Structure formats: structure tokens, C-alpha cells
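Bear in mind that the values here come from a model prediction, so they are computed numbers and not experimental data.
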Amino acid sequence: MSQKIAVVLFNLGGPDSLDAVRPFLFNLFNDRAILSYPQPFRWILARVISAVRHNKARKIYQILGGKSPLLENTLAQATALEDYLHQIDSASTYKIFIAMRYWHPFTADAVQDVWDFDPDKIILLPLYPQFSRTTTESSLTEWTKQAKKQGLKTPTCSVPFYYNNDVFIKAHSDSILPVYQNALAFGAP
């Protein structure tokens, strides 16, 4: 039976320009999962922390080319995953969406895009392999909030943590081992 399946990749997000560094930091620190203080204290702390950390973070993003590479990397993962899913299940239609927690594309935008796709089922895939309140839980909580707000009632499931999955571990070791061996060849300790 052919189905339309939306897969939503969750990630932290990152500034897409040097001007976005401060508002990105504010969004990060204004999250209750990051700073558990009640409002308006959390808002005030987020303003102070983002102001204090802004210049140092901006210099780091400048070294990275003026923006975070996270969105581009996540888009590449989305394309590869969509291609793979179509190869192993050509009867269904898969579409991958990206929901960043603290910068564009925000979760609310992803919910709207999924709504427009009108899938039969939604699979939520946090790109954080381990569970954490500040990453996985925050992203899933925001998804639930935005889906409810927009009236998205499609059957939804979430991929649980997978840090100890054998396939995940092998994929990482297969990509790390050649780099490590190359470093050893050049005399690295």
C-alpha cells in the first residue's frame, strides 16, 4: 500500500550569517530546557548571556565562513536519507523536512511544510543520538507545541535514542578509522 510519509530531522540550528549570531544565542538561552528560570528572568538572562557571548561566538563563526555549517550538513543528510528511503521502499512517497530548534528553518515552519505535504504518517528523527533534555526533549516538545497550535493531527512516532545502535557505531567507526590511520601515517600521536 502506497503511503505518504514525512520524516522530520531535528537539529539545533545555527546562525546563517554573522548578524544572526546574537539572535541565535538569545533563542538558545531563552529556551526553558536550557535555562529553567521562569519568565521574565529567563528572557533577561538570555539577553545578558547572548550579549556577553556574542563577540566570541561571532569570531568563531567568522572562522567557519561567516555562518554555521549545520543547515547545509543537515540538508545533505536529508537528501541522502530521502534517496535511500525511496530505494528501499519505492511504493511509498517520502519527504524529508528539517526542524531546527534555535534558528531557521524553525520547527513552526517545518510543521507548516509537513501540513502542506499532508502525509499519512510522520516520523520524527532527532539527529542527536543520545537523549538529552536540552536537545531531544526540547525539540520534541517544540514539535508537539507547534503541531497542536497548527492543528496537525497526523499519526506521529519518534525514533528513540540510538547512540548504542550497532549500525550507527559502525558507520562512525568506518568514517573515523581512515582519518585516524592517515594521522598516524603523518606521525600524529
Measuring from [X]:[atom1] to [Y]:[atom2], what's the distance to the nearest 0.5 Å?
X      : Y      : atom1 : atom2 : result
Phe106 : Glu142 : CZ    : CD    : 9.5 Å
Thr154 : Lys121 : OG1   : NZ    : 12.0 Å
Arg32  : Thr134 : CZ    : OG1   : 15.0 Å
Thr136 : Gln130 : OG1   : CD    : 6.5 Å
Thr74  : Phe10  : OG1   : CZ    : 12.5 Å
Ile60  : Leu64  : CD1   : CG    : 8.0 Å

Verify, without hydrogens or angle tests, whether [X] (side chain) and [Y] (backbone) share a donor-acceptor contact under 3.5 angstrom.
X      : Y      : result
Ser90  : His86  : no
Ser175 : His172 : yes
Thr79  : Leu75  : yes

[X] vs [Y] side-chain heavy atoms within contact, under 4.5 Å:
X      : Y      : result
Leu124 : Thr156 : yes
Pro119 : Val114 : yes
Leu12  : Leu70  : yes
Tyr61  : Phe24  : yes
Ile122 : Leu152 : yes
Met100 : Leu9   : no
Leu177 : Gln181 : yes

Problem set entry | Step-by-step side chain to side chain contact (heavy atoms under 4.5 Å, CB included) determination, Thr93 to Gln3 | CA-CA 6 Å; Thr93 301; Gln3 293 189 77; over 6 Å; no

Nearest heavy atoms of [X] and [Y], plus distance in Å:
X      : Y      : answer
Ala33  : Ser138 : CB-CB, 3.8 Å
Leu25  : Ala57  : CD1-CB, 4.0 Å
Ser17  : Lys67  : N-CB, 3.9 Å
Pro126 : Tyr162 : O-OH, 2.8 Å
Pro178 : Ser173 : CD-O, 4.5 Å

For this session: Name all residues meeting the salt bridge (Lys or Arg N to Asp or Glu O under 4.0 Å) criterion together with Asp31; count only those two or more places apart in sequence or in a different chain, and write none if there are none.
Result: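 With neighbours one apart ignored, the set is Arg101.
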
Do other residues, nucleotides or ligands put more than 12 heavy atoms under 6.0 Å from [X] [atom1]?
X      : atom1 : result
His104 : NE2   : yes
Phe168 : CZ    : yes
Lys95  : NZ    : no

Exercise. Do Gln112 and Asp116 have a side chain donor and acceptor closer than 3.5 Å?
Worked result: yes

Exercise. Do you know which of Gln62, Arg53, His54, Lys56 makes side-chain contact (heavy atoms from CB on, under 4.5 Å) with Val21?
Worked result: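 Exactly one option meets the side-chain contact (heavy atoms from CB on, under 4.5 Å) with Val21, and it is His54.
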
Problem set entry | For Tyr94, the option from Ile5, Ile88, Asp83, Leu81 that meets side-chain contact (heavy atoms from CB on, under 4.5 Å) |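 With Tyr94 as partner, side-chain contact (heavy atoms from CB on, under 4.5 Å) holds for just one option, Ile5.
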
For this session: Output, in order, the C-alpha distance, side-chain angles, deciding distance and verdict of side chain to side chain donor-acceptor pair (under 3.5 Å) for Asn27 and Trp103.
Result: CA-CA 8 Å; Asn27 291 342; Trp103 202 247; over 6 Å; no

Donor-acceptor pairs under 3.5 Å, side chain of residues 36-50 to any protein atom, not counting sequence neighbours: which ones?
from: Gln39; atom 1: OE1; to: Trp43; atom 2: N; distance (Å): 2.8
from: Gln39; atom 1: NE2; to: Asn30; atom 2: OD1; distance (Å): 3.1
from: Arg42; atom 1: NE; to: Asn30; atom 2: O; distance (Å): 2.9
from: Arg42; atom 1: NH1; to: Tyr37; atom 2: O; distance (Å): 2.6
from: Ser50; atom 1: OG; to: Ala46; atom 2: O; distance (Å): 2.8
from: Ser50; atom 1: OG; to: Arg47; atom 2: O; distance (Å): 3.1

Problem set entry | Worked verdict on Phe97 versus Phe117 for ring pair (Phe, Tyr, Trp, His ring centres under 6.0 Å) | CA-CA 10 Å; Phe97 299 88; Phe117 178 59; 5.7 Å; yes

I'd like to know if [Y] and [X] are part of one continuous hydrophobic network [Ile/Leu/Val/Met/Phe/Trp/Tyr, side-chain heavy atoms within less than 4.5 Å].
X      : Y      : value
Tyr84  : Ile96  : yes
Tyr128 : Tyr163 : no
Leu18  : Leu71  : yes
Phe161 : Ile169 : no
Leu127 : Leu85  : yes

For this session: Verify the ring-centre separation between Phe26 and Tyr102: is it less than 6.0 angstrom?
Result: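 They do not qualify: ring centres at least 6.0 Å apart.
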
Problem set entry | Under the side chain to side chain donor-acceptor pair (under 3.5 Å) test, residues paired with Ser158 that sit two or more places apart | none

